[in-house]
Protein chains: 2
Amino acid sequence: MGIPIYIRIADDIKEKINSGELKPGDAIYSENALCRAYNASRMTVRRGLALLANEGYIYSIPGKGNFVQEPDHNTYTLYYNEMKNFISSVDKTKLLEVNIVLPNYKLMNSLQVNPNKKIISIRRLFFTEGEPVAYDVKYLPYYKGMPIVEKEIHYATFPEMVAKSTSLFAIKKQLVIYAQMPDEEIKKHLNIYNEQPLMVVEQKLYNREDKPIGLGITYFKADYCKLYAESYFSDINSNEKYKDEDEKN
Amino acid sequence: MGIPIYIRIADDIKEKINSGELKPGDAIYSENALCRAYNASRMTVRRGLALLANEGYIYSIPGKGNFVQEPDHNTYTLYYNEMKNFISSVDKTKLLEVNIVLPNYKLMNSLQVNPNKKIISIRRLFFTEGEPVAYDVKYLPYYKGMPIVEKEIHYATFPEMVAKSTSLFAIKKQLVIYAQMPDEEIKKHLNIYNEQPLMVVEQKLYNREDKPIGLGITYFKADYCKLYAESYFSDINSNEKYKDEDEKN
DNA sequence: CAGTGGTCTAGACCACTTG
DNA sequence: AAGTGGTCTAGACCACTGC
């Protein structure tokens, strides 16, 4: 049969955990016991256990054994792209303003810069099918040799704008998400006449040295922004390619 | 030196990727080449590469090689607990109503049940320091032997309420997050007198067979709900325990 | 002390891609 | 045919926990 042993081991144990036969805190059979049970070498058994550990199912205590992990049910995978969310896609942007400013107190704090540091501020409107759907402000501390091209200003997402020099891998990001009523200026830009709230997404970018390299605040018309998240582990179970054979058994 | 070889291999390659020396699409040295370079066996080299693959840095094509992955900069890790968010913690709940209802159209659709299926509906208020901060509704299809105890109704989070029978592992969850104005009933319950929006979080739970087993909708007063998310890979870099030694080099 | 997990080796065979 | 990654073995030594 084509299913690798380590996958079978992982799936079997996973099944025991999902079905409740093994509960958080319970010990797994020892690696040597699993070797005998599956007639496999220890490296193969350990590979199976490594899979489970990566997916958050088990943890190990050296000298004691492998144990079922308490699942973290507060952690989700969130998909967020300022230009493309669950219900709408930005197809046009309008540049309202590009400016060099000095930081106010909040910016100094957020970007960890001194009061004399020049900050590039970019204000944009996002459109979906002719309708203004979001008002967007980006602040980036100005560093030498920072090439901001017109095309980027219009269509690049924030990480793409900032990551010209370093690799996108190196960038750490934080989001803070909340609801808010629009002020008069935003109401004007987004054509809001009734009482309608905003979804606000603050995006903060850090470089490899944990230094802030950008702050973006996007104000979405509530109607045009739903965010979507799902359980952290969407079961990377028996790597798809074995799914069919799996069902036959 | 105490740092395992496979960690060193992974860190070295990670460094090349983070610094931009290796770009997405580039090929890594072959496994055999890395064996020679680090004077290590192939299993050890492969273990290092497995680390990188797990963290999304590289992927492999059998027969060809290992390649640097295009980073997914739209994926975040979101922390969400209905009882405890970024800025406030629920310290009291008030049960407004527990009811057995028949599903309306939206519920039938959401929970994939027929019109005669009995649904348990639970309406609660969440308080923080005496202040009502959220209005919460849960719908769970009623199944035999479903023990809902008073204590759970007050203080359990949704996954905990539902997961009495199966393991929490088996539960898949989806969140949809949006902003909305409160209707009159919610305004009343949450003591909202001015124009203040709500953060709404819909939480849908599925069992192992992908069948919906619960729908929860939580309406937070905007002031009391900020959600927080960060880059998917918070650098599980050189496993903490090696951090110090790492810096010495 | 025996048993556990953590690291590592030096081979093997396979399926695949490339020239 | 040579090189690549994918799976697997049968050992080894270590540090650790428990009795």
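All chains are named by letter (A, B, ...) in the order of the sequence lines, taking the proteins before the strands, and each is independently numbered beginning at 1. What you see is a predicted model, and the numbers here were worked out from it, not measured in a lab.
At the heavy-atom level, B/I5 lies under 4.0 Å from the strands shown only through sugar-phosphate atoms. Within 4.0 Å (heavy atoms only), A/I61 reaches sugar-phosphate atoms of the nucleic acid but no base atom. At a threshold of 4.0 angstrom between heavy atoms, the contacts of A/T44 include nucleobase atoms, whether or not backbone atoms are also involved.
Paired with A/L78 under the rule side-chain contact (heavy atoms from CB on, under 4.5 Å), one option of B/L227, B/L78, B/T77 passes, and it is B/L78.
Remark on DNA chain D: of its neighbouring residues B/Y29 and A/N39, the 5'-side contact belongs to B/Y29, judged by nearest-heavy-atom nucleotide.
Phosphate contact (OP1/OP2 of D/dG5, side-chain N/O of B/R46, threshold under 4.0 Å): absent. The side chain of A/Y6 contributes no N or O atom lying less than 4.0 Å from OP1 or OP2 of D/dC8. When the side-chain nitrogen and oxygen atoms of B/N66 are compared with OP1 and OP2 of D/dG5, one or more of them lie within a distance under 4.0 Å. Taking only side-chain nitrogens and oxygens, A/S60 comes nearer than 4.0 Å to OP1 or OP2 of C/dG6. Note on A/N32: a side-chain N or O is less than 4.0 Å away from OP1 or OP2 of C/dT4.
Of all nucleotides listed (D/dG5, C/dC8, C/dG5), C/dC8 comes nearest to the side chain of A/M43. When distances are taken from the side chain of A/S41 to each of C/dC8, C/dG5, D/dC8, the shortest belongs to D/dC8. The side chain of A/K64 has D/dG18 as its nearest neighbour among D/dG18, D/dG6, C/dA10.
Side chain of B/N74 to backbone of A/Y79: no donor-acceptor contact under 3.5 angstrom is found.
Distance B/E31 CD to D/dA2 P: 20 Å, rounded to the nearest Å. As a whole-Å value, the separation of B/Y59 OH from D/dG6 C1' is 17 Å. Atom CZ in A/R47 sits about 16 Å away from atom C1' in C/dC8, given to the nearest Å. Here the P atom of nucleotide D/dC8 and the CG atom of A/L34 are 15 Å apart, to the nearest Å.
Side-chain to base pairing of A/R42 with C/dG6: one donor and one acceptor N or O lie within less than 3.5 Å of each other.
Ion pairing of B/E202 with A/K226 is absent here, as no side-chain N (NZ or NE/NH1/NH2) approaches a carboxylate O to less than 4.0 Å.
Looking only at side-chain heavy atoms (C-beta outward), A/R47 and A/S41 stay at 4.5 Å or farther from each other.
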Side-chain donor-acceptor distances from residues 20-30 of chain B under 3.5 Å, at least two apart:
residue	atom	partner	partner atom	Å
B/K23	NZ	B/G20	O	2.9
B/D26	OD2	B/K23	N	2.8
B/S30	OG	B/A33	N	3.2

